[in-house]
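Note sheet for the following structure.
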Amino acid sequence: MDFIKRIYNFQSESRDRKAGFEVESDRFIGLRYIIKGDSLVIVSGKNGAFAVDLKKGKLLAQEIMEMVEYYE
């Protein structure tokens, strides 16, 4: 649980990928992205956290678009 607390309380002023830095969503209230090393962590106060390797990001986005289009 300590790991989860650290993700939700993460704050960094630097843009150092090794230490990690956060970017707030321009489109969704309460959604934050954390870039740490080669990972993208998606954090939502209401819905949890999810991490993916940056190299797989486009593949994930494509799959999400396919699901949205199918189930919309």
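Count residues from 1 along the sequence. Note: hydrogens, waters and symmetry copies are ignored here, and every other heavy atom, side chains too, is used.
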How far does [atom1] of [X] sit from [atom2] of [Y], to the nearest 0.5 angstrom?
X: K55; Y: S39; atom1: NZ; atom2: OG; value: 10.5 Å
X: I34; Y: F21; atom1: CD1; atom2: CZ; value: 10.5 Å
X: I42; Y: L60; atom1: CD1; atom2: CG; value: 6.5 Å
X: E66; Y: Q62; atom1: CD; atom2: CD; value: 5.0 Å

Are [Y] and [X] co-members of a hydrophobic cluster defined by side-chain heavy atoms under 4.5 Å apart?
X: F28; Y: M67; answer: no
X: F50; Y: I64; answer: yes
X: M65; Y: L54; answer: no

Handout entry: Given L40, V41, V43, the one that forms side chain to side chain contact (heavy atoms under 4.5 Å, CB included) with Y33
Key = L40
Handout entry: Polar side-chain atom of R32 near backbone of V23 as donor-acceptor pair, under 3.5 Å
Key = no
Problem - Main-chain N/O of K18 paired to K36 side chain as donor or acceptor, under 3.5 Å - result: yes
